[in-house]
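Reviewing the structure listed below.
Given the structure is predicted, the values throughout are model-derived calculations rather than measurements. Below, chain A is the first sequence line, B the second, and so on; all start at residue 1.
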Protein chains: 2
Amino acid sequence: MKPARKAKPTIRDVAAAAGVSVGTASRAFNRAGRVSDAAIEAVQAAALRLGYAPDAIAQSMRTRTSGVVGLLVSDLANPLYARIVNAVEARLQRDGYALLLANTHNDSRHERAMIDFFRRRRVDGLILGPCESERPEMLDALLAQDLPVVALDRDFGPAGSGVHVDHFHGALQATRYLLNLGHTRIALMTPGQTLRPGRERIAGFTDAFAERGLKPEPKLIRAERSAMEFAFSEALALLSSAEPPTAFVCLGTRILAGVLQGLRHAGRSVPDDVSVISVGDTDLSQLFSPAITSLTWDFEAVGTAAAELMLKRLPPAAAGQAVEPERIVMTTQMVLRESCGPQTASRPAKAPSARARQVAKK
Amino acid sequence: MKPARKAKPTIRDVAAAAGVSVGTASRAFNRAGRVSDAAIEAVQAAALRLGYAPDAIAQSMRTRTSGVVGLLVSDLANPLYARIVNAVEARLQRDGYALLLANTHNDSRHERAMIDFFRRRRVDGLILGPCESERPEMLDALLAQDLPVVALDRDFGPAGSGVHVDHFHGALQATRYLLNLGHTRIALMTPGQTLRPGRERIAGFTDAFAERGLKPEPKLIRAERSAMEFAFSEALALLSSAEPPTAFVCLGTRILAGVLQGLRHAGRSVPDDVSVISVGDTDLSQLFSPAITSLTWDFEAVGTAAAELMLKRLPPAAAGQAVEPERIVMTTQMVLRESCGPQTASRPAKAPSARARQVAKK
DNA sequence: ATGAAAGCGCTAACAA
DNA sequence: TTGTTAGCGCTTTCAT
């Protein structure tokens with residue numbers, strides 16, 4: 001049996017049922033212009049009776065706004081990004097905006113394609129997560145077309161709006177902490193040095209050393225990719241080198257797990273052999289033994305702030321007016337736990353035990 | 001300085017530039033009907049020159065399809081859901097569909113509102129994640145309007161299509177394993193018994209007991225909410241009861257962390273005092289000491305399958321034809337690790353040590 | 001194979 | 001205050 005599909009009622013149907021013209025019906029819904037209370041009542045009654053809901057596509061066609069914001073993120077499977085996306089969606093939803101979501105897989109060609117795709121769909125604004133390519137020209141092109149853009153942890157030059165995490169001071173603080181504990185052979189692992197977060201972290205890391213007239217060992221800065229498998233093998237390589245690090249700063253969501261696994265394989269214990277600092281206070285950092293000292297920030301706040309930055313330059317808040325670029329900086333904080341210990345002479349970093357070597361081999 | 005904003009070219013502009021009519025230009029793009037190669041070439045050249053891209057909104061207006069699929073999920077911040085969403089998006093993107101995403105916060109009123117919202121935006125299809133309310137009437141209403149619906153782990157009656165995880169056999173297997181180890185006081189923690197996953201798990205759990213002529217202790221089945229804070233306090237309450245469980249089956253993403261924390265507070269060790277099984281093989285389960293035995297399944301496959309089920313009933317695959325309902329069942333597998341041990345008489349479950357009591361108190 | 005024109009559902013001018 | 005009408009950009013008959 002095939003149920004008869006009754007066509008969705010249009011505003012014409014409602015107008016007819018209410019005994020008014022389509023213009024009046026439209027005005028009744030939008031409260032625009034002057035409409036009599038009687039008309040409003042009649043129209044709304046008719047709409048209710050017919051189960052009418054305005055067609056967003058047709059509205060977009062006329063008004064040239066879609067009520068949709070596009071969000072481009074490099075990897076939604078990253079739980080930390082997911083929390084940000086979640087917050088963005090919640091805030092946008094509250095103001096009646098919908099969220100069009102796409103993954104760029106951290107590929108700038110792909111990102112470009114998705115931006116075009118979104119623009120064809122007439123998104124009212126674009127929120128861009130961090131990505132390898134940070135080309136200000138791209139932003140100019142977007143802005144020139146009156147498309148509000150908000151960046152997440154990405155530099156777009158002075159014309160760009162966005163919310164940024166203060167990775168510089170975060171890395172600075174974490175590194176100082178380790179330096180104070182006597183460590184000097186500190187490994188820094190962070191995704192992509194071409195991304196803003198990576199650059200900032202490396203800068204903060206280096207500055208902390210510079211404060212004491214030191215320079216970090218370049219070989220200990222690992223800033224290529226963020227996959228856990230990568231972190232694992234990198235950590236292992238680092239640990240079996242001639243002068244292995246005595247501390248790890250793991251500034252990427254999946255990195256901690258890889259490093260911890262590497263440490264386990266190499267038979268090193270935390271914090272006795274090696275100190276560890278992680279990022280983004282997760283279940284793992286809280287429950288691992290020892291609990292991991294973490295550098296973190298408020299992910300929900302990042303998402304909410306990004307959404308609000310966007311909302312501010314969308315109707316009705318921005319009544320067609322261009323809004324000044326604005327950046328919000330989120331600070332990080334360190335959660336001190338048990339994974340860092342002093343680097344003492346009695347713990348020679350150079351000589352992993354025979355047992356450690358054996359475990360590492362298999 | 002304000003850059004002159006040049007209006008986006010329309011198909012009229014392209015047609016004019018190519019010296020053809022709009023109809024021909026349209027046909028040239030869509031390869032529909034008969035068009036001369038010369039015309040196609042001229043039109044495409046003009047389009048390229050002008051930087052023309054068809055307006056998706058206007059296309060939707062005419063064709064009555066939007067190229068957008070809506071996805072409703074109860075909690076995107078759940079990392080496991082995020083992985084599913086990621087896979088859905090990737091598969092949809094490959095076929096040129098966009099993803100409109102919204103969070104329902106597991107509230108059925110909210111879900112209803114978002115469905116309406118999506119329908120107003122003329123989504124071509126709807127993918128619905130698990131939610132408290134599983135009302136087949138709702139599905140009927142949707143289907144009657146020719147809106148393809150695919151469910152994720154949610155029962156919609158025989159008319160519904162979807163992908164389902166075999167939580168029943170998963171729970172059965174996990175419980176059998178614990179039963180074989182000699183445990184009988186096994187706590188089951190899973191989100192919502194009104195949700196399909198919760199119901200199935202409870203059924204599998206109960207059946208495993210029934211196989212040996214046993215019945216689970218009802219008080220040890222905790223199926224209310226899934227928040228970690230909840231799991232923590234529930235675990236604590238369970239552990240300090242007169243007859244505490246000797247094993248925990250934690251079937252929710254955030255539950256493991258809460259239970260582990262509860263165990264730590266109560267001073268119990270895993271697996272000596274208490275055995276633990278978790279769900280969805282995470283970093284935490286792999287790296288916790290001892291590593292946690294886990295019940296898991298392929299989350300990416302769930303998302304991909306859902307997307308493909310949807311694609312199958314969307315153009316061009318389904319040329320306006322209704323497609324038979326179809327369900328896909330994903331099997332679970334157990335990853336055996338170190339968190340489960342035998343329940344022996346020498347480990348009395350009833351008497352937590354004085355130290356454990358003290359720790360639990362503070 | 002191509003052009004002209006209708007019209008998707010709605011809003012916004014303009015008239016009345 | 002209300003009705004009428006002209007499009008928004010596109011696809012799709014229907015002639016030619």
Side-chain angles (χ1 to χ4, degrees), chain A residues 6-44 46-47 50-67 119-122 124 145-146 315-316 319-320, chain B residues 6-44 46-47 50-67 119-124 145-146 315-316 320:
Chain A
K6 52 182 173 223
K8 269 194 300 188
T10 75
I11 200 171
R12 301 192 88 86
D13 302 322
V14 175
V20 297
S21 72
V22 288
T24 304
S26 173
R27 282 181 290 248
F29 289 125
N30 302 317
R31 301 243 183 282
R34 280 67 40 118
V35 212
S36 67
D37 291 350
I40 293 182
E41 217 165 311
V43 168
Q44 290 191 332
L50 269 48
Y52 166 80
D55 183 319
I57 295 279
Q59 285 176 316
S60 302
M61 189 73 179
R62 245 339 282 243
T63 61
R64 320 213 42 95
T65 67
S66 62
R119 285 187 29 74
R120 289 185 354 93
R121 296 218 124 72
R122 286 210 209 141
D124 289 342
Q145 287 165 323
D146 281 340
Chain B
K6 53 182 174 227
K8 269 193 299 190
T10 75
I11 198 171
R12 302 191 86 86
D13 303 321
V14 176
V20 297
S21 73
V22 289
T24 303
S26 173
R27 280 179 291 249
F29 289 125
N30 301 317
R31 301 241 181 284
R34 282 66 40 117
V35 213
S36 68
D37 291 349
I40 293 181
E41 217 165 310
V43 169
Q44 290 190 335
L50 268 49
Y52 167 80
D55 182 319
I57 295 280
Q59 284 177 316
S60 302
M61 188 74 178
R62 255 323 292 236
T63 62
R64 319 212 44 94
T65 67
S66 61
R119 286 187 30 73
R120 289 186 353 96
R121 295 218 127 71
R122 285 210 210 142
V123 295
D124 290 342
Q145 288 166 321
D146 281 340

Distance-minimising heavy-atom pair for A/Arg34 and A/Arg27: O-CD, 4.4 Å

Inter-residue atom distance B/Ser60.OG - A/Met61.CE, 0.5 Å rounding: 9.5 Å

Minimum heavy-atom distance between B/Ala47 and B/Phe29, given as atom pair plus value: CB-CZ, 3.8 Å

Can you check nucleotides 2-6 of chain C for protein contacts, nitrogen or oxygen pairs under 3.5 Å, and list what you find?
unit_1, atom_1, unit_2, atom_2, d
C/dT2, OP1, B/Ser36, OG, 2.7
C/dT2, OP2, B/Ser36, N, 2.7
C/dT2, OP2, B/Ser36, OG, 3.0
C/dG3, OP2, B/Ser21, N, 2.8
C/dG3, OP2, B/Ser21, OG, 3.0
C/dG3, OP2, B/Thr24, OG1, 2.7
C/dG3, N7, B/Arg27, NH2, 2.9
C/dG3, O6, B/Arg27, NH1, 3.1

Any donor-acceptor N/O pair, B/Ser26 side chain to B/Val22 backbone, under 3.5 Å: no

Rounded distance (Å) that lies between atom C1' of C/dG7 and atom CZ of A/Arg12: 11 Å

Interatomic distance, B/Thr63 atom OG1 to A/Ile57 atom CD1 [nearest 0.5 angstrom]: 8.5 Å

Side chain A/Arg31, main chain A/Ile40, donor-acceptor under 3.5 Å: no

Residues in side-chain hydrogen bond (donor to acceptor under 3.5 Å, both in side chains) contact with B/Ser36, at least two apart in sequence or another chain: none

Counterpart residues, salt bridge (Lys or Arg N to Asp or Glu O under 4.0 Å), relative to B/Asp55 (two or more places apart): A/Arg122

Sorted by number, the residues of residues 51-59 of chain A with heavy-atom contact under 4.0 Å to DNA chain C: A/Tyr52, A/Pro54, A/Asp55, A/Ala58, A/Gln59

Non-hydrogen atoms of A/Ala42 and A/Ala18 that approach each other most closely: O-CB, 3.7 Å

side-chain hydrogen bond (donor to acceptor under 3.5 Å, both in side chains) partners for B/Asp13, two or more places apart: none

Nucleotide range of DNA chain D lying under 4.0 Å from chain B heavy atoms: D/dG9 to D/dT13

Nearest-angstrom distance from the residue atom CE of A/Met61 to C1' of C/dG7: 10 Å

Sugar-phosphate, base or nothing in reach of B/Thr10, heavy atoms under 4.0 Å: sugar-phosphate

Whole angstrom value for the distance that separates P of C/dC10 from CG of A/Asn30: 11 Å

Phosphate OP1/OP2 of C/dG9: any B/Arg64 side-chain N/O under 4.0 Å: yes

Nearest heavy-atom neighbours spanning A/Pro9 and A/Gly51: CG-O, 3.9 Å

